[in-house]
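Report on the structure given below.
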Amino acid sequence: MRMVDLINKKKRGEALTRDEIYYIVQGYTQGEIPDYQMSAFLMAVYFKGMNKEETANLTMAYAESGEQVDLSEIEGIKVDKHSSGGVGDKVSIAVIPLCASAGIPVAKMSGRGLGHTGGTIDKLESIEGFRTELAREEFIRNVNTYKMAIMGQSPNLTPADKKIYALRDVTSTVDSIPLIASSIMSKKIASGADCIVLDVKAGSGAFMKTVNEAKELARTMVEIGKSVGRKTVALVTDMNQPLGREVGNANEVREAIDVLRGNADEDITTITLTVASYMAVLAGALEA
């Protein structure tokens with residue numbers, strides 16, 4: 001198998017097999033495939049796309065490139081959520097305790113900010129003394145005891161995606177639906193959740209500028225989740241303006257508390273309750 005032949009195959013718009021995709025991902029991650037060939041391959045994917053099977057195989061090649069978290073010691077159906085991000089998006093901070101109060105175990109591994117938006121870990125670390133680096137045993141014990149825990153993502157989670165994303169960033173191949181979807185879903189699958197709720201943002205402040213683009217990304221990620229045995233649903237929500245009234249890590253933590261107290265603005269409250277409702281349905285705590 002030669003990388004130049006696989007680049008040419010994708011350039012012609014042909015579908016790659018599982019073995020071919022794994023060869024590319026593993027070869028590049030291990031330093032056997034150079035940046036210039038991987039760049040050519042990513043550009044071919046950008047223009048020719050990938051079918052459902054290819055995208056699912058790319059996702060699993062990412063997920064299996066590093067640590068896969070085993071959450072089997074946690075009681076009940078584990079539900080995770082992901083947001084594609086936006087200004088003022090503090091939904092995770094409110095949703096996690098909301099679901100835990102209903103007895104739904106939420107074992108969430110979260111990331112830091114991407115681009116101009118802060119990540120959930122960044123926001124929580126604005127609380128003096130808050131720890132986001134937990135040992136696996138403490139993480140699992142917290143979920144079994146309190147029905148919730150959140151920690152920063154392990155550096156060993158999806159190393160292939162990290163390396164390939166860095167190359168996508170400098171080769172103008174970030175905004176490709178199969179590449180975005182496989183990147184997001186690989187981390188969710190490797191994190192070990194049974195069910196996944198996706199909040200896909202659309203608008204001027206989001207990666208997906210139009211509702212149609214956001215719907216396409218949402219459908220692709222749901223298909224990936226279902227193809228690998230994860231119950232997955234997606235919402236498309238507005239990011240043409242900041243969510244809620246507060247922006248900034250500490251400010252957003254305070255506003256998340258206001259959501260839980262019932263004192264927040266309608267937009268952030270509605271999205272939080274909607275995401276929590278879907279998480280409850282997937283976990284079997286509510287009927288659809």
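Just so it is clear, the values below take in all heavy atoms, side chains as well, and ignore hydrogens, waters and symmetry mates.
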Show, in sequence, the C-alpha distance, side-chain angles and deciding distance for Glu14 and Lys9, and conclude whether the salt bridge (Lys or Arg N to Asp or Glu O under 4.0 Å) test is met.
CA-CA 6 Å; Glu14 298 175 22; Lys9 185 175 181 180; 5.1 Å; no
Dump the intermediate steps for salt bridge (Lys or Arg N to Asp or Glu O under 4.0 Å) on Lys201 and Asp199, then the final yes or no.
CA-CA 6 Å; Lys201 304 295 187 184; Asp199 179 8; 2.9 Å; yes
Take Val222 and Val233 through the side-chain contact (heavy atoms from CB on, under 4.5 Å) test and state the conclusion after the steps.
CA-CA 6 Å; Val222 169; Val233 299; 5.6 Å; no
Evaluate side-chain contact (heavy atoms from CB on, under 4.5 Å) for Val95 paired with Val106, printing each intermediate quantity in order.
CA-CA 9 Å; Val95 154; Val106 184; over 6 Å; no
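Few gaps surround CZ on Phe130; more than 12 heavy atoms of other groups in view lie less than 6.0 Å from it. By the 6.0 Å contact criterion, NZ on Lys52 is open, its count of non-hydrogen atoms from other residues, nucleotides or ligands being 12 or less. Residue Gln37 places its CD atom among more than 12 non-hydrogen atoms of other residues, nucleotides or ligands, all under 6.0 Å distant. Other residues, nucleotides and ligands contribute at most 12 non-hydrogen atoms within 6.0 Å of the CZ atom of Arg2. Around the OH atom of Tyr23, the shell of radius 6.0 Å holds more than 12 heavy atoms that belong to other residues, nucleotides or ligands.
Remark: Met1 CE to Ile24 CD1 distance equals 8.5 Å, nearest 0.5 Å. In this structure, the separation between CD1 on Ile184 and OG1 on Thr59 is 10.0 Å, given to the nearest 0.5 Å. Atom CE of Met221 sits about 6.0 Å away from atom NE2 of His82, to the nearest 0.5 Å. The CE atom of Met38 lies 7.0 Å from the CG atom of Leu167; values are rounded to the nearest 0.5 Å. Remark: Lys163 NZ to Ser65 OG distance equals 11.0 Å, nearest 0.5 Å. One distance of note links CD1 of Ile164 with OH of Tyr28; it measures 7.0 Å at 0.5 Å rounding.
When each of Glu246, Glu252, Glu255 is tested with Lys123 by the rule salt bridge (charged side-chain N to carboxylate O under 4.0 Å, His left out), just one qualifies, namely Glu252.
When all heavy atoms are compared, the tightest approach of Ala44 to Ile7 is CB-O, 4.4 Å. The minimum heavy-atom distance between Ser92 and Thr120, with the atom names listed, is CB-OG1, 3.8 Å. For Pro105 against Ile77, the heavy-atom pair with the smallest separation is CG-O, 3.3 Å. Minimum interatomic distance between Ile150 and Phe139 (heavy atoms only, all atoms of both residues): N-CE1, 4.1 Å. Shortest non-hydrogen contact noted between Asp175 and Ile180 is CA-CD1, 4.0 Å. When all heavy atoms of Met43 and Thr171 are compared, the closest pair comes out as CE-O, 3.4 Å.
Side-chain contact annotation: Asp161 with Ser183, donor-acceptor N/O pair under 3.5 Å present. Using modelled atom types, one finds a donor on one side chain and an acceptor on the other under 3.5 Å when comparing Asn8 with Lys11. In summary, the side chains of Asp19 and Thr17 do not present any donor paired with an acceptor at a separation below 3.5 Å, with no hydrogens or angles considered.
Transitive grouping of hydrophobic side chains (ILVMFWY, heavy atoms separated by less than 4.5 Å) brings Val197 and Met239 into a common cluster.
The backbone N or O of Gly225 sits nowhere less than 3.5 Å from a side-chain atom of Arg230 that would complete a donor-acceptor pair. Judged by distance alone, with hydrogens and angles left aside, the side-chain atoms of Glu54 form a donor-acceptor pair with the main-chain N or O of Leu16 at under 3.5 Å.
Looking only at side-chain heavy atoms (C-beta outward), Glu223 and Ser227 stay at 4.5 Å or farther from each other.
A cation-pi geometry, defined here as NZ or CZ lying under 6.0 Å from the six-membered ring centre and within 45° of its normal, holds between Arg18 and Tyr22. At least one test fails for Lys10 against the ring of Phe41: distance under 6.0 Å to the centre or angle within 45° of the axis.
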